[in-house]
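Owing to the predicted nature of the structure, the values given are computational and were not obtained by experimental measurement. Position 1 is the first residue of the sequence; numbering continues from there.
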Amino acid sequence: MQNQYRLGIDAGGTFTDFILADRSGGVRIFKALSTPQDPTRAIRNGLALIEEETGITPREIVSNADLCINGTTVGLNALIQHKGARTGLIATAGHQDSIEIRLGHKEDGYRYDPDYPPARMLVPRYLRRGVRERVLSTGAVHSALNEEDVREACRHFLAEGVESVAISFVWSVLHPAHERRAGEIVREMMPGVRLTLGSALYPQVREYTRTSTAIVNAYLAPILAGYVEKVDGYFQSLGARAPVRYFQSNGGLALGRVVSDQSVYAINSGPASAPQAALYLGEPWGMEDIITVDMGGTSFDITLTRNGRANVSKDIDFLRYRIGIPMIQVETLGAGGGSIGWIDEMGLLQMGPQSAGSEPGPACYDQGGEQPTTTDANLVLGYLNPDGLVGGRLPLNVEKARRAIETHLAKPLGISVEKAAHGMFTIVNNNMVNAIRRVSVERGYDPRDFVLNCAGGATAAHITALAREMGIRKVLISKLASGLCAFGQIISDVKYNYMAPAPVRLEGAEAAAKLDALFKELEAKGRADLAGDGFGAERVSVLRSLDMRYVGQVHECTVSVEPFEVTEAALERLKAAFHARHEELYTYSEPGSVVEVVNVESALTGAVDKPARMTIAAGQGAHAALAGTREMIFAADGTQQDTPVYEGAKLGAGDRILGPAVIQEVTTTIVIEPGWTAELDPTGVYVLTLAEAEPALAETAAALTEDA
């Protein structure tokens with residue numbers, strides 16, 4: 001760190017998290033309620049909270065910060081709620097309906113479901129205009145661009161109040177001149193609109209994916225541009241020395257102007273920083289295979305790192321819209337602290353995906369919510385401090401939680417409130433376990449080979465139950481867990497992706513020369529962009545990837561490789577990497593078959609200085625942090641058990657706790673189920689291990705319970 005502070009802000013559905021790191025190694029976490037109607041208000045509220053607790057004014061923080069980083073759900077929320085800009089599409093005549101045809105099928109999982117409704121089009125039919133032009137698959141021009149068609153489309157868009165325009169032509173990646181000229185006409189006739197060119201945003205083969213990606217970008221661009229303008233303006237008013245950095249879905253930072261132009265990269269920016277944080281936490285133990293789970297108030301996000309790299313997805317259906325750009329693979333489930341319990345038509349208890357969010361929130365928040373939620377269940381089970389959350393700033397009403405569960409679930413099911421609460425806890429856990437299996441088991445990974453990392457304010461109450469169900473015996477919980485994504489942002493680097501089409505078979509010197517030239521061209525551009533961003537050559541790293549397939553296959557798979565000179569001999573390295581990846585994904589490979597490349601990509605990273613690692617002083621023994629006991633429920637029959645409660649702020653490095661127990665941190669509650677042991681590491685990370693209880697620890701736990 002070059003200056004006194006570094007600030008990370010992660011806007012979630014319920015809370016906006018703030019991580020403030022200083023040059024001495026101090027790291028603190030703060031939380032403010034999110035303000036979906038005006039996300040910048042939550043930033044102001046959070047900085048006011050920091051001033052209230054520390055006495056450091058927003059101006060002091062921002063003007064003395066080397067980086068202020070923002071991860072935002074603005075784009076995600078606009079896409080979920082279909083509240084993006086009024087968007088028009090200019091496409092090759094006859095192809096304006098490709099986004100509705102959607103390659104002739106529905107998303108995976110619903111392909112053969114006749115009752116599954118079609119996706120809502122971000123660009124309605126009357127705002128899609130076809131223009132006469134045609135480029136062949138060789139890149140040759142078959143028909144020149146009819147400029148009058150483009151002008152007519154612009155006149156129509158002006159009459160309809162279009163705010164943003166996407167242009168995507170067939171084979172434009174091989175001959176982008178038509179799109180560029182059409183863009184010039186749009187800028188001439190519609191100077192106030194945002195413009196997205198498919199061949200510039202996503203220069204890859206596959207027309208449907210490119211067109212859909214361009215539309216999503218155009219749909220979100222005015223929203224993100226307005227947000228960036230507000231946030232940048234606010235921080236500049238506080239004397240910011242450096243521009244605000246925004247977190248992208250590809251796992252790296254970018255300037256506001258980049259996010260404004262390439263808004264599709266900011267869709268899922270919040271949870272995309274979790275893998276970086278997980279690897280940072282696991283580094284002292286050499287842990288590189290980590291599953292991170294993040295349960296907030298609204299959703300449950302899962303990310304996975306294997307051999308020190310996060311899973312990256314391309315060409316996926318996200319919220320029913322095909323997006324081609326690389327994104328950190330995040331599995332999202334409607335399971336959070338605000339998930340509502342309900343009874344289906346079969347008389348079975350269900351949890352979510354409906355959420356009480358932050359307004360009105362769970363019934364126990366006493367802000368008008370009446371539906372029973374996960375948080376209400378955890379309170380009734382005794383896991384949460386009845387005096388309130390976030391250090392008492394958010395008081396909890398136990399009676400309202402019990403009443404909500406009794407009215408809507410317990411009485412209709414004919415069971416006790418305690419059994420209903422445990423049922424809610426179990427069902428939401430099962431939902432989360434199924435989602436974890438989708439990013440692990442269903443992709444060929446055995447979860448038992450991984451460490452489970454805890455993120456999000458609500459996760460720690462469920463983490464040992466999830467790990468036990470998955471067969472995972474080791475869990476990491478940072479003292480910053482409830483704001484781990486914001487922490488991940490302040491230790492992340494600047495990252496840009498550069499892509500190009502490369503339809504070539506991996507045979508001969510000519511193919512090798514073409515690939516080598518393409519990679520060098522992409523990386524020269526990336527190095528120049530990072531140099532303009534203040535990064536010297538020594539801070540720049542490169543990771544290449546190629547979309548490859550056997551000749552005759554319809555779909556390709558992405559293979560990542562380190563940079564090297566692509567010679568004819570080196571083509572064998574690319575083939576070997578492809579065969580290995582194909583076997584990993586599909587359990588077989590065909591070494592005798594010809595391999596071809598479809599697209600290439602270079603991801604360039606500019607390394608940012610990391611803040612000092614948190615350090616915790618040695619403890620005096622867990623007994624010094626014992627706050628008392630509380631009746632808790634760990635069994636389906638609703639039996640209560642007197643359980644020790646520890647104050648996390650009083651625990652020191654080396655202190656060990658045997659479950660069952662609860663550790664109360666300011667912004668999260670750690671539930672340690674029977675059979676688990678927790679030990680606080682000097683790096684500020686609780687390491688939880690599933691093992692048989694050691695006799696000495698068991699005796700100590702029993703003695704502490706009796707003393708309390």
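For Asp289, the side-chain hydrogen bond (donor to acceptor under 3.5 Å, both in side chains) partners two or more places apart in sequence, or in a different chain, are Arg306. Qualifying ring-ring contact (aromatic ring centres under 6.0 Å, His included) partners for Tyr321, counting only residues two or more places apart in sequence or in other chains: none. Residues satisfying the ring-ring contact (aromatic ring centres under 6.0 Å, His included) test with His579, not counting sequence neighbours, are Tyr550.
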Which pairs of donor and acceptor atoms, one on a side chain in residues 198-206, lie under 3.5 Å apart (sequence neighbours left out)?
| from | atom 1 | to | atom 2 | distance (Å) |
| --- | --- | --- | --- | --- |
| Ser199 | OG | Glu179 | OE1 | 2.7 |
| Gln204 | OE1 | Lys314 | NZ | 3.2 |
| Gln204 | NE2 | Ala500 | O | 3.1 |
| Arg206 | NE | Glu556 | OE2 | 3.1 |
| Arg206 | NH2 | Val554 | O | 2.6 |
| Arg206 | NH2 | Glu556 | OE1 | 2.9 |

Please output the side-chain donor-acceptor pairs of residues 557-569 that fall under 3.5 Å, not counting sequence neighbours, one pair per line with the distance.
| from | atom 1 | to | atom 2 | distance (Å) |
| --- | --- | --- | --- | --- |
| Thr558 | OG1 | Asp547 | OD1 | 2.8 |
| Glu562 | OE2 | Arg309 | NH2 | 2.2 |
| Thr567 | OG1 | Ala570 | N | 3.1 |

Going by atom type alone, with no hydrogens or angles, which donor-acceptor pairs under 3.5 Å involve a side-chain atom of residues 584-592 and a protein atom two or more places apart or on another chain?
| from | atom 1 | to | atom 2 | distance (Å) |
| --- | --- | --- | --- | --- |
| Glu584 | OE1 | Arg581 | NH1 | 2.5 |
| Ser589 | OG | Glu583 | OE1 | 3.2 |
| Glu590 | OE1 | Ser593 | OG | 2.8 |

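Salt bridge annotation for Arg549-Glu596: present, with a cationic side-chain nitrogen under 4.0 angstrom from a carboxylate oxygen. Classification of Arg544 and Glu523 as a salt-bridged pair holds, one side-chain N sitting under 4.0 Å from a carboxylate O. Taking 4.0 Å as the cut-off between side-chain N and carboxylate O, Arg210 and Asp315 do not count as a salt-bridged pair. Remark: Asp149 does not engage Arg129 in a salt bridge, criterion side-chain N to carboxylate O under 4.0 Å. Note on Asp446 versus Arg448: salt bridge recorded, some NZ/NE/NH1/NH2 to OD/OE distance being below 4.0 Å.
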TODO: Would you check, one step at a time, whether the test salt bridge (Lys or Arg N to Asp or Glu O under 4.0 Å) holds for Lys575 with Glu507?
DONE: CA-CA 10 Å; Lys575 292 178 187 177; Glu507 302 289 345; 3.3 Å; yes
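Put simply, the side chain of Asp516 never gets that close to the backbone of Ala512: no donor and acceptor are under 3.5 Å apart.
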